[in-house]
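Comments concern the structure below.
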Amino acid sequence: MSVTQVPLRPIAKGSVAKFWVAIVALMVLGFAVAWAATRPLQAETTESGVSIRTLVEGEGETIDVVDGAFVNYTGSLADGRVFDTSDGRPVPMLPAQTVAGFSEALQAMRPGGSYKVRIPAELAYGDNPPPGSIIPAGADLYFDIEIVDVVRGAALMMQQQAPQPLPPEAGEEAAPAE
């Protein structure tokens with residue numbers, strides 16, 4: 001045997017299997033880390049089909065149907081054309097006074113949160129978009145939404161402040177209820 005020759009030891013029994021198990025374990029770990037890192041990019045889809053991706057998780061209770069919310073938003077179509085925006089000025093909204101999909105999305109949001117929402121056409125305007133709008137019939141709508149503030153019970157307060165009929169003056173009969 002010469003000085004430059006290196007004696008090779010036989011490979012221990014099971015070493016190759018251990019090597020491949022370690023490779024597979026590293027791959028699984030890599031996929032798990034990649035999945036966890038992309039979790040914020042994944043959207044949750046409701047049973048009705050509204051897709052909500054949380055960019056910034058808000059704090060506190062989610063918005064209720066009777067609450068009012070001050071919202072910054074931009075609404076666009078699939079091709080990126082903007083059809084409506086608040087232009088950075090918070091707009092007051094009541095969930096009950098919006099299209100069904102927007103109402104559903106609002107009720108999943110929290111004050112201070114920021115969201116990306118896709119509303120399927122059937123929960124937006126369907127085949128009857130607003131006249132003069134750039135929204136085509138059957139279009140899904142996409143929104144970037146920021147919840148600036150929430151006024152709890154705003155819809156109830158508005159109902160209580162609605163003008164009430166004046167009581168009849170003395171000697172007049174009340175009008176029959178319809």
Side-chain angles (χ1 to χ4, degrees), residues 1-65 67-91 93 95 98-126 129 134-150 152:
M1 182 167 174
S2 78
V3 178
T4 59
Q5 286 183 324
V6 177
L8 294 177
R9 286 190 247 155
I11 296 176
K13 191 173 188 178
S15 296
V16 173
K18 289 178 189 175
F19 170 77
W20 285 111
V21 167
I23 293 295
V24 169
L26 284 173
M27 288 175 57
V28 168
L29 180 65
F31 283 120
V33 169
W35 183 84
T38 61
R39 180 73 179 126
L41 301 176
Q42 298 172 7
E44 295 181 28
T45 302
T46 66
E47 285 183 26
S48 64
V50 175
S51 175
I52 305 167
R53 184 171 59 151
T54 302
L55 304 176
V56 175
E57 182 69 44
E59 296 180 6
E61 299 284 321
T62 56
I63 298 169
D64 195 82
V65 71
D67 295 336
F70 286 92
V71 179
N72 279 330
Y73 71 93
T74 299
S76 59
L77 301 172
D79 63 9
R81 289 183 295 157
V82 173
F83 62 84
D84 195 10
T85 181
S86 65
D87 288 324
R89 294 182 302 267
V91 174
M93 290 187 178
T98 63
V99 295
F102 200 94
S103 176
E104 185 178 337
L106 278 177
Q107 293 177 64
M109 298 178 183
R110 301 176 190 283
S114 197
Y115 306 87
K116 284 193 172 288
V117 176
R118 184 193 60 80
I119 301 173
E122 60 273 8
L123 295 176
Y125 297 109
I134 67 166
I135 301 172
D140 292 348
L141 305 181
Y142 298 83
F143 288 92
D144 293 321
I145 302 171
E146 176 190 3
I147 305 299
V148 177
D149 198 11
V150 173
R152 300 292 175 187

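Everything numeric here is computed off the predicted structure, so don't read it as measured data.
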(request) Please report the shortest heavy-atom distance between Ile134 and Leu77, naming the atom on each side. (result) O-CD1, 3.7 Å
(message) Tell me whether Thr46 contacts the main-chain N or O of Val50 through its side chain, where contact means a donor paired with an acceptor under 3.5 Å.
(response) yes
(request) Find out whether Phe70 and Val91 are in side-chain contact, i.e. whether some heavy atom of one side chain is under 4.5 Å from a heavy atom of the other. (result) no
(request) Look at the side chain of Thr85 and the backbone N and O of Asp87, then say whether any donor-acceptor pair between them is shorter than 3.5 Å. (result) yes
(request) Looking only at non-hydrogen atoms, find the nearest pair between Ser48 and Pro120 and report the distance. (result) O-CG, 4.2 Å
(request) Could you tell me whether the side chain of Asp144 and the main chain of Thr74 form a donor-acceptor pair under 3.5 Å? (result) no
(request) Check for a donor-acceptor pair, side chain of Arg118 on one end and backbone N or O of Arg53 on the other, with a separation under 3.5 Å. (result) no
(message) Within the 4.5 Å heavy-atom criterion, are Tyr115 and Ile147 side-chain neighbours or not?
(response) yes
(message) I'd like to check Leu55 versus Lys116 (side-chain heavy atoms, cut-off strictly below 4.5 Å). Are they in contact?
(response) yes
(request) Indicate yes or no: at least one non-hydrogen side-chain atom of Glu104 is less than 4.5 angstrom from one of Ile52. (result) no
(message) Tell me if a side-chain donor or acceptor on Ser114 pairs with a main-chain N or O of Glu146 at a distance below 3.5 Å.
(response) no
(request) Heavy atoms only: give me the nearest Pro95-Asp67 pair and the separation to one decimal. (result) CD-O, 3.0 Å
(request) Look up atom CD1 in Ile145 and atom CE in Met109, then write down how far apart they are to the nearest 0.5 Å. (result) 3.5 Å
(message) Between Thr98 and Ser103 (side chain of the first, backbone of the second, donor and acceptor by atom type, cut-off under 3.5 Å), is there such a pair?
(response) yes
(request) Please determine if Glu59 and Arg110 form a salt bridge, counting it only when a charged side-chain N lies under 4.0 Å from a carboxylate O. (result) no
(message) Can you give me the closest heavy-atom contact between Gln107 and Asp64, atom names plus distance?
(response) CG-C, 4.4 Å
(request) Mark yes when over 12 heavy atoms from residues, nucleotides or ligands other than Phe83 sit less than 6.0 Å from its CZ; otherwise mark no. (result) yes
(message) When you compare the side chain of Asp140 with that of Ile119, does any pair of heavy atoms fall below 4.5 Å?
(response) no
(request) Assess whether atom CD of Glu122 is packed by more than 12 heavy atoms of other residues, nucleotides or ligands within 6.0 Å. (result) yes
(message) Closer than 3.5 angstrom, by distance alone: can the side chain of Ser76 be matched with the main-chain N or O of Leu141 as a donor-acceptor pair?
(response) no
(request) Would you check if Asp84 and Phe143 make a side-chain contact, meaning some heavy-atom pair closer than 4.5 Å? (result) no
(message) Tell me if a side-chain donor or acceptor on Asp79 pairs with a main-chain N or O of Arg81 at a distance below 3.5 Å.
(response) yes
